[in-house]
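First up is the structure itself, then whatever we jot down about it.
What you see below is based on every heavy atom in this structure, not just the backbone, and it leaves out hydrogens, waters and symmetry mates. Counting starts at 1 for both ligands and their atoms, in listed order.
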Amino acid sequence: MADDSGITACPHCGTRNRVPAAAKGLPRCGRCKELLPWLTEATDADFAEVVAESALPVLVDLWAPWCGPCRMVAPGVAKAAEVFAGRLKVVKVNVDIAQSTAVRYQAQSIPLLLLLDRGAVRARQVGAVPTDAVLRWVDQSLALPAAA
Ligand SMILES: [Zn+2]
């Protein structure tokens, strides 16, 4: 899990690693070299760098602190970062802060999950769903042909 300081505990050995919001290549554990879950955050200011320019497909979780269903979907979003490590980057976007991004992706209802590939939306999922449904949705969305 990432906390506010961008520290992710390695699921394989427990070592705490600092994972950047944007980077070339994939985040790996400094100790055991296994792939780390890539769970980070973006605002309007760094959305392009963190999400649109990502070489990996990105699961964007548009959420807000006051939104109860957002808290329900959060464990599934975090789990997706772990299960799809190396194939998916997960970016949480607080719509209270990132208001332009919320407007751009029509986040009238949250939680809104987006699967983006090089900035193009491949799939949308609105509302709280259990963890296994989040994982299934991500798996299916990753299998869709890339947007033209
Ligand atoms: Zn490790």
Side-chain angles (χ1 to χ4, degrees), residues 1-98 101-102 105 107 110-147:
M1 304 298 115
D3 63 22
D4 290 341
S5 54
I7 300 293
T8 298
C10 174
H12 307 279
C13 73
T15 298
R16 289 164 64 79
N17 291 267
R18 180 169 296 278
V19 175
K24 297 195 196 307
L26 301 171
R28 287 183 181 273
C29 176
R31 186 167 167 211
C32 73
K33 311 299 180 196
E34 292 283 352
L35 287 166
L36 290 171
W38 202 349
L39 178 58
T40 188
E41 296 174 8
T43 63
D44 288 340
D46 61 2
F47 189 87
E49 185 191 9
V50 174
V51 178
E53 292 163 19
S54 169
L56 282 184
V58 182
L59 170 60
V60 177
D61 175 13
L62 292 142
W63 72 287
W66 44 263
C67 161
C70 295
R71 281 193 287 277
M72 289 165 58
V73 84
V77 169
K79 188 71 184 172
E82 202 175 312
V83 169
F84 298 99
R87 296 172 58 200
L88 182 74
K89 180 177 184 178
V90 178
V91 179
K92 313 238 338 161
V93 174
N94 180 338
V95 297
D96 284 353
I97 297 169
T101 301
Y105 293 103
I110 53 172
L112 169 62
L113 303 181
L114 300 172
L115 204 295
L116 271 82
D117 192 6
R118 308 239 174 208
V121 177
R122 272 202 206 180
R124 296 169 66 95
Q125 157 70 47
V126 180
V129 288
T131 294
D132 60 342
V134 174
L135 297 180
R136 214 161 40 236
W137 177 78
V138 170
D139 197 32
Q140 289 167 355
S141 302
L142 286 174
L144 292 174

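- Between SG of Cys29 and SG of Cys10, the angle at the Zn ion (ligand 1) works out to 110°, rounded to 10 degrees.
- Distance alone, capped at 3.5 Å, is enough to place a donor-acceptor pair between the Trp38 side chain and the Pro20 backbone.
- Applying the ring pair (Phe, Tyr, Trp, His ring centres under 6.0 Å) criterion to Phe84, with sequence neighbours excluded, gives no partner residue.
- The main-chain N or O of Gly30 is found under 3.5 Å from a side-chain atom of Asn17 such that the two form a donor-acceptor pair.
- Not one N/O/S atom of His12, from backbone or side chain, sits under 2.8 Å from the Zn ion (ligand 1).
- When the side chain to side chain contact (heavy atoms under 4.5 Å, CB included) test is applied to Ala55, the partners found at least two apart in sequence or on another chain are Arg118.
- When rounded to 10 degrees, the angle formed at the Zn ion (ligand 1) by SG (Cys13) and SG (Cys32) equals 120°.
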